[in-house]
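In this chain, residues are counted from 1 in sequence order.
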Amino acid sequence: MNRKKVLIVDDKEQIAKILFAYLHKDYECFYMQNPPQAIEWLSRGNMPDLIISDIRMPEMRGAEFLAYLKLIPVVMLSSEDSTSERIRLLEEGAEDYIVKPFNPQELKIRIKKILD
């Protein structure tokens with residue numbers, strides 16, 4: 001059975017390690033440190049089933065990155081608990097918006113609902 005692929009994009013490697021620890025048993029996980037790196041990886045033909053992306057990153061904000069990703073479901077992670085930001089990103093195509101710190105089990109359930 002082919003496992004679904006999840007791309008994690010976050011400038012904080014520690015967050016990526018936490019996500020990987022919770023997800024790697026169920027999903028094939030990949031990590032990119034920033035959106036330009038992820039865009040380059042995607043342009044080489046790599047196609048994940050889902051992307052989990054931070055919003056606040058120095059090279060490119062999550063909303064800009066989201067604009068590149070029309071065909072791939074994206075879950076946005078953010079320390080911003082802003083209703084207006086959440087609504088804006090959901091309107092722009094994000095599948096879900098989760099505030100940090102997050103419950104890994106809740107994240108796993110939300111990913112499963114998107115991918116199944």
Closer than 4.0 angstrom, basic N to acidic O: yes or no for Arg88 and Glu85?
yes
Rounded to the nearest 0.5 Å, how far apart are CD1 of Ile8 and CD1 of Ile18?
10.5 Å
Would you compute the distance between atom OH of Tyr31 and atom CH2 of Trp41 and round it to the nearest 0.5 angstrom?
14.0 Å
Validation row: Asp96, Met76 side chains within 4.5 angstrom (heavy atoms)
no
Donor-acceptor pair, side chain of Arg3 and main chain of His24, under 3.5 angstrom
yes
Should the heavy atoms of other residues, nucleotides or ligands under 6.0 Å from OH of Tyr22 be counted, would the total exceed 12?
no
Does the pair Glu28/Lys4 count as a salt bridge with the N-to-O cut at 4.0 Å?
no
Cluster overlap Val9 with Met47, hydrophobic side-chain contacts below 4.5 Å:
yes
Can you get from Leu107 to Val99 by hopping between Ile, Leu, Val, Met, Phe, Trp and Tyr side chains that sit under 4.5 Å apart?
no
Regarding Lys100 and Asp54, does a basic nitrogen lie under 4.0 Å from an acidic carboxylate oxygen?
yes
Does Asp49 come within less than 4.0 Å of Lys5, counting only side-chain N to carboxylate O?
no
Which heavy-atom pair separates Ile51 from Pro48 by the least distance, and what is that distance?
CG1-CG, 3.9 Å
Rounded to the nearest 0.5 Å, what separation is found between the CE atom of Met57 and the CG atom of Asp11?
6.5 Å
Quick check: closest heavy atoms across Leu7 and Ala38, and the distance to 0.1 Å?
CD2-CB, 4.1 Å
If Ile, Leu, Val, Met, Phe, Trp and Tyr residues are connected whenever their side-chain heavy atoms lie under 4.5 Å apart, and connections chain through other members, are Met32 and Leu42 in the same group?
yes
Can we say Asp26 and Lys108 salt-bridge, meaning some charged N sits less than 4.0 Å from an Asp/Glu carboxylate O?
yes
Got a second to check how far Arg56's CZ is from Leu77's CG, nearest 0.5 Å?
13.5 Å
Looking only at heavy atoms, what is the nearest atom pair of Ile55 and Ser78, with distance?
CD1-CB, 3.3 Å
Output for pair (Leu90 CG, Tyr97 OH), nearest 0.5 Å, gives 9.0 Å
Following the transitive rule for hydrophobic clusters with a side-chain heavy-atom cut-off under 4.5 Å over Ile, Leu, Val, Met, Phe, Trp and Tyr, establish whether Ile39 and Leu89 coincide in one cluster.
yes
Interatomic distance, Ser79 atom OG to Lys12 atom NZ [nearest 0.5 angstrom]:
7.5 Å
Please determine whether a side-chain nitrogen of the Lys or Arg among Lys17 and Asp10 lies less than 4.0 Å from a carboxylate oxygen of the Asp or Glu.
no
Just by modelled atom types, is the Gln33 backbone N or O under 3.5 Å from a matching donor or acceptor in the Gln37 side chain?
yes
Ile52 and Ile111, any side-chain heavy atoms less than 4.5 Å apart:
yes
Partner of Tyr27 under side chain to side chain contact (heavy atoms under 4.5 Å, CB included), chosen from Val6, Leu50, Leu19:
Val6
